Structure formats: C-alpha cells, structure tokens
Amino acid sequence: MNGSGFRVFTLVLILCWSGCRFARTTLDASTEEGTTGPISAQAETVERAGSSTTYYIRPDGGTPTECTGVVDAAYPGSGTDQPCAWDHPFRALQPSGEPGVPGTAAIAGGDTLIIGSGSYRMGYGAPGADNCQTDYPQQCVMAPVPSGSDAAHPTRILGEGWDSGCRNPPELWGTERAWLILNLTDASNVDVACLEITDHSDCVEGHTGGLACKRDDYPYGDWAADGLYAEDATTVHLRDLDIHGLASAGVRAGRLMDWTVEDVRIAGNGWVGWEGDIEGDDSNSGILTFRRWVVEWNGCAETYPGGEPTGCWGDSAGGYGDGVGTGATGGDWVIEDSAFLHNTQDGLDLLYHTLGGSITIRRTIAEGNGGNQIKTAGPTQMENVIVVGNCGFFDSKPFTYDVDSCRALGNAIEFHLHPSDRSTVVNSTVTGEGDCLAIAECVEGESCTGSESILLRNDIFQGNPQFGAGVQDSTCLAWTDVSAELFAVDHGIINGIKGMPEPCPPQSLCGAAPGLVDASIDSFDARLLDGSAAIDAGTTEGAPAEDFAGRPRDTQPDIGAYEGWGPTAWSYLPLVTARPSAMCQAEALPQIEARGTPR
C-alpha cells in the first residue's frame, strides 16, 4: 500500500512523507437520480434481551443461518447455527439497497463487532448485500452503527489487533460507486478502531484530467465516493484508521459533538481529506480532539495497487484539495502531534470556525500544501508549530495534473478574527514562499474594534523569494487591515523578509540567520545547529514546557519549535510505524537518542 519515502521530525511523531502510498464534488451521490441524500434514520435493530454481546467477522466465516457470529472460528462447512463467525460486516450491518432506507443492524447498541484481518468488498456483490440492485448500487452501503447507551457503554467496531498494535488491520474496500463505506449517521457513543478504509481504483469523481470515475451505467468499477460518513454523532472515538484512496472524501462529517480522533491517517482522496461541509447545517460543538492526525496528498488520486499520488488537481481545474475543511462550525478544536502535508489546496482550513469556540494547535507541522498551510477563525493558540509554506510544491511535478500553486497568495498562516479576539503563536518556526508568513483579517461580515491582538513570541520567521517572482520580491512578515498594532512580536528571529520591521521588535534579532539545520524552502529542517542564535534567546513567559519533539525545555528556552539539545550519544534507530504493513515501510535513519541535555 505504501512506498518507501520517509522524512522524520521527532522521536515522537513519525510521518509518512513524499513517496508514501499514501472536495467538494458537484457529483455527490446524495444529489443524483435514485438517491435521497444521507440516510438520516437509525438502522432498524434486531432486538434482544440481556447484556452486550461480542460478534466476530472473518473471511472464512458463514452466513447468519450457518453461524451464530459470537465465536471467533471458521464455519466448519456444514450445518446451521454453528459456533462460528460471520463472513462479512454486512451480516452485522445489512444494507437495505433502497434510497433513503437505512438498513438493518443485527447487533445492538453497546455490542462489539470484531472484524478479522483480511479484505472485505463493501458494496454490490458482497456477502450480505442481497437487497442491493444494479439500478442504484451506490445505495449498497452498511447500515448505520447503532448508538451505545452512554459513553461508558459504547458500540465498538474493531479490527483484529485493535488491542495489540493494529499490525494487520482488515481492509474494507468500496466498490460499484458506493457512496460511503463506514456509516456513523446518528451514531453516538461509538468506538471505531484498527481499520483500513479504501477502494481498488485510481479514479476521482469528476476529474477533468482523464481520471474521472465511470458513472453512466453499471458496472461502475471498484470505487467508492467517501470512506467514513457521519452526521448528528456525539461522543465518538476513532483510533488507528488508515482512510485513503477514495474518489471523493476520506471523511465527510458534520454536526458532531465531543469527538476524539487518534492515530488516524487520511490520504490520497480525490477531492478532500476531511470534509465538514455536509447537507444542511454543519456546525460542530463540544470538544473535538485530534491527536497524531496525518492528513496528506488529498486532491490527488492514488494509484491502485501502487498507492502513489497521481493526477493532483485543485480549484483551477475544477477540483478542490483541502486537507481539512469545514462549513460554518463552532466547537473547541484541539489538534496535537499532527501533520498536514502535500494537500493540493489548504492544509488545515478552519476559516469557517465562526460560530464560537477556540482552536488550539500543539506540536504540529503543516508543509507543502498548495494554498495556505494553516487557516483559522476565532481565538487561536499555536505552540511548537512548524509551518513550511512551500506553496509551489506541486509545480512541475510528475504527479501534478493542474494545481493552482500558492492559491490565495500562499500565505503561510491566516488568522480571521472576531471583535476582541486574542490569538498567540509561541515557540514556532515559520517559513514560506507566498506573499506573507502571516496575515490577519476580520471575519467576513463582522467589524473589528482595534482591541484584537496576535502575539508572536519565541518564534523564528524565515522569508524566501516569493514563488513565481524570482528574487525581485520576497515574503513579508505579517500583513493586516485590522489595526497597525494587531501583531505584537517579542523574542523572535526574523530573516529574509521584505519590509524588515524598524525598529526590530523587543528582544528580537532582525536580519540574522536563525541557525537551522536547513533553512532552504524545499528541504527545510527546523532543528537548531550548534551555535544557533536561537539558543537560550527566548523568554519563559508563555513558553511551553516541552518542544515540538516532546522534549523538555530548560529554564532559558530557545526560540523556535525545537529546543537545542546536546546529545550524550548518537544512536541509529529504526523508524517503525504503528502498522508497518499498512503504513510506510520502516527505514533506518540517524536520530538523536533522547539522553542528552538541553543547551
């Protein structure tokens, strides 16, 4: 599924990089003939008395007539009601095959469904898809997962190995233009873990460069539109998921409350990675927590079976390409130890986070996205963030069809403020080749008062020649039309920009090289060299206790995302992902063993 490319930033966060196998579409299955949009009713559930039950799925299981489903064993080959597993997830969550009809759940809220390792066709022609028809095979999708009774008694959909590192997750692959694979419509108090969700095609919905999916008549091929769909879902935990290669969106989800997403990769989906703009109201609420969330290569097709990016396209070609985008939303978004890489438009686009709540981003990198790297609305706190705004990344690449390089001027960070909002960027490292490293505007339709503020403290800002302008123009540090005093900078290093601030901000260095391992835009490495001017030059006020790598900062913190360390020993450590067979292959690269002391 994955190639061999790797790039490593910390001992904590291991990321698939370029070479790894890895939106909105007007051709959404929910609006075409034979459909009525997202299924909004809970699946009919087979009632049973008693406590929760664990069911098993495995490729060598049997039908519900042949097997009880409650024993993890193969079907013996004869007999009925045998103590053995079912043979397909559709046995537990049977499709109705009818537009607007949710299907039937053979499991109850609070039950556990464990899916054995193997490959499962999800759509027309699969075991348990008896109700489906060739007239509208896009409706051949699993019934919604039934809600658990409360957070302490969730319904659980788990892949084999969910409790032992998820080394060989089951593959659920969509076919015959199924419009989703995993259905969390009206599903609350649900845990989902250890699954690979994909299809077996490199087509993209509506692609204008020769990769468009077949839509005129049956058979349509081995493709599916979306990987995971959710609406009106509360208290959901997603963990150890690899969602990749879908024709439209990896995740399409809105009206969520109190979600936790951990160790989830969303990659190589043809329109968008995480699409929060669904039909009707989109707004999320509560606390939305994302940890170790890798969102990459969206807006590109993914070759099958090679798993390489191809046909990358964006708005200029009629596509999309955000890594993460939403409709109008609220909620407190907390994003930690995550990465937004090589999406054809914006990396993390929370421009429409306008309905209340806050955004917190910690120990996260955004790099190589074709538009803005990070875009937020409302009060935002960033710390230990690395932003590499090489927005021209897709230009002239062999996998690029048509990407609007440095779309929206390619500003590395964009803030959109409500009246009186206060935002901070602390101990971060920012570079770029767009118009500016940071810009700020008032939220559209609102009037800022001049009381807003954005504090930039302990940060490194490295400018570059602006993409497409050669050496005649360089990036600016910051631009705003809110007020001249909006941006406050202290304890910073500012280099390579146009319009260097005069006087230099307090306790800052202007026009001084920051002393990074590699400051060039296309091979940027934010670690500090010995003798870097950033070492011991920061302030403790507001500084996080740890750096980007999760290592402790000392009593005189350094400037930038990394704390400089003097290792006591060098160790060559193999890079091992959580699921080496399902993610990138391991590769040995030099790493500093975490036995040193801060400089």
Side-chain angles (χ1 to χ4, degrees), residues 6-18 20 22 193 228 236-244 250-251 253 256 259-269 272-276 284 287-298 322-326 329 331-343 345-351 353 358-369 371-376 380-389 412-414 425-430 524 526 544 546-551 561-562 575 577-579 583-584:
F6 262 102
R7 190 169 174 183
V8 177
F9 293 95
T10 77
L11 295 176
V12 178
L13 181 62
I14 305 299
L15 304 177
C16 288
W17 203 251
S18 59
C20 290
F22 331 91
L228 183 153
V236 171
H237 188 183
L238 306 181
R239 177 168 55 88
D240 287 316
L241 304 182
D242 187 10
I243 304 173
H244 66 96
V251 174
L256 315 177
W259 274 46
T260 300
V261 177
E262 298 177 304
D263 300 292
V264 170
R265 175 178 180 255
I266 303 174
N269 300 291
V272 60
W274 181 292
E275 173 62 283
N284 306 302
I287 300 175
L288 306 168
T289 301
F290 301 83
R291 300 188 183 100
R292 299 173 300 280
W293 188 26
V294 177
V295 184
E296 59 183 351
W297 294 107
N298 296 289
D322 274 0
V324 177
T326 71
T329 186
D332 294 318
W333 292 64
V334 179
I335 300 169
E336 298 177 329
D337 303 303
S338 295
F340 305 92
L341 311 170
H342 305 139
N343 301 286
Q345 195 159 286
D346 298 331
L348 173 63
D349 184 355
L350 295 179
L351 172 64
H353 178 262
S358 62
I359 298 171
T360 302
I361 305 173
R362 302 186 182 102
R363 298 179 304 278
T364 288
I365 182 168
E367 177 169 358
N369 302 290
N372 309 122
Q373 306 304 308
I374 296 177
K375 186 182 294 183
T376 69
T380 299
Q381 285 71 49
M382 300 187 199
E383 62 180 47
N384 291 324
V385 171
I386 297 175
V387 179
V388 185
I413 304 174
E414 283 198 12
V425 181
V426 178
N427 277 105
S428 295
T429 302
V430 182
F524 193 77
E546 297 178 340
D547 74 353
F548 177 87
R551 298 177 302 198
Y562 278 106
L575 304 185
T577 66
R579 301 191 299 278
M583 302 291 282
C584 299

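Just so it is clear, the structure is predicted and the values come from calculations on it, not from any experiment.
Every salt bridge (Lys or Arg N to Asp or Glu O under 4.0 Å) that E383 has, sequence neighbours left out, goes to R362. Contacts of N372 classified as side-chain hydrogen bond (donor to acceptor under 3.5 Å, both in side chains), with partners at least two apart in sequence or in another chain: K375, E414. Contacts of E262 classified as side-chain hydrogen bond (donor to acceptor under 3.5 Å, both in side chains), with partners at least two apart in sequence or in another chain: H237, R291.
A heavy-atom distance below 4.5 Å is not found between the side chains of W274 and N298. A heavy-atom distance below 4.5 Å is not found between the side chains of D346 and N369. Residues V264 and V251 form no side-chain contact, since every pair of their non-hydrogen atoms from C-beta on lies 4.5 Å or further apart. The closest side-chain heavy-atom distance from N427 to D547 is not below 4.5 Å.
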Walk me through it: do M382 and I413 pass the test side-chain contact (heavy atoms from CB on, under 4.5 Å)?
-> CA-CA 11 Å; M382 300 187 199; I413 304 174; 3.7 Å; yes
Quick one: do F524 and T429 satisfy side-chain contact (heavy atoms from CB on, under 4.5 Å)? Show the steps, please.
-> CA-CA 11 Å; F524 193 77; T429 302; 3.7 Å; yes
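Here the CH2 atom belonging to W293 is positioned 12.5 Å from the CG atom belonging to L241, to the nearest 0.5 angstrom. Here I243 contributes atom CD1 and L238 contributes atom CG; the two are 7.0 Å apart, rounded to the nearest 0.5 Å. Rounded to the nearest 0.5 angstrom, L341 CG and Q373 CD are separated by 9.0 Å. With rounding to the nearest 0.5 angstrom, the CD1 atom of I335 is 7.0 Å from the OG1 atom of T364. Here the CD1-CG distance, from I359 to L348, works out to 7.5 Å after rounding to the nearest 0.5 Å. Annotation: the span from T376 atom OG1 to L351 atom CG amounts to 9.0 Å, rounded to 0.5 Å.
Closest of all the heavy-atom pairs between G323 and V295 is O-CG1, 3.3 Å. The heavy-atom pair separating N384 from F548 by the smallest distance is O-CD1, 3.2 Å. When all heavy atoms are compared, the tightest approach of V430 to A412 is CG1-CB, 4.1 Å. Of all non-hydrogen atoms in V426 and P544, the two that sit nearest each other are CG1-CD, 3.9 Å. The two residues A366 and I374 make their nearest non-hydrogen contact at CB-CG1, 3.8 Å. Contact record, G273 with N269: CA-ND2, 4.4 Å, taken as the closest heavy-atom pair.
For W333 and F290, the distance between ring centers is under 6.0 angstrom.
A donor-acceptor contact shorter than 3.5 Å links the side chain of N284 to the backbone of L256. Side-chain atoms of T360 never come within 3.5 Å of backbone atoms of Q381 as a donor-acceptor pair (strictly under, hydrogens ignored).
Taking the six-membered ring for Trp and thresholds of 30 and 60 degrees, H342 and W297 have ring planes inclined between 30 and 60 degrees apart.
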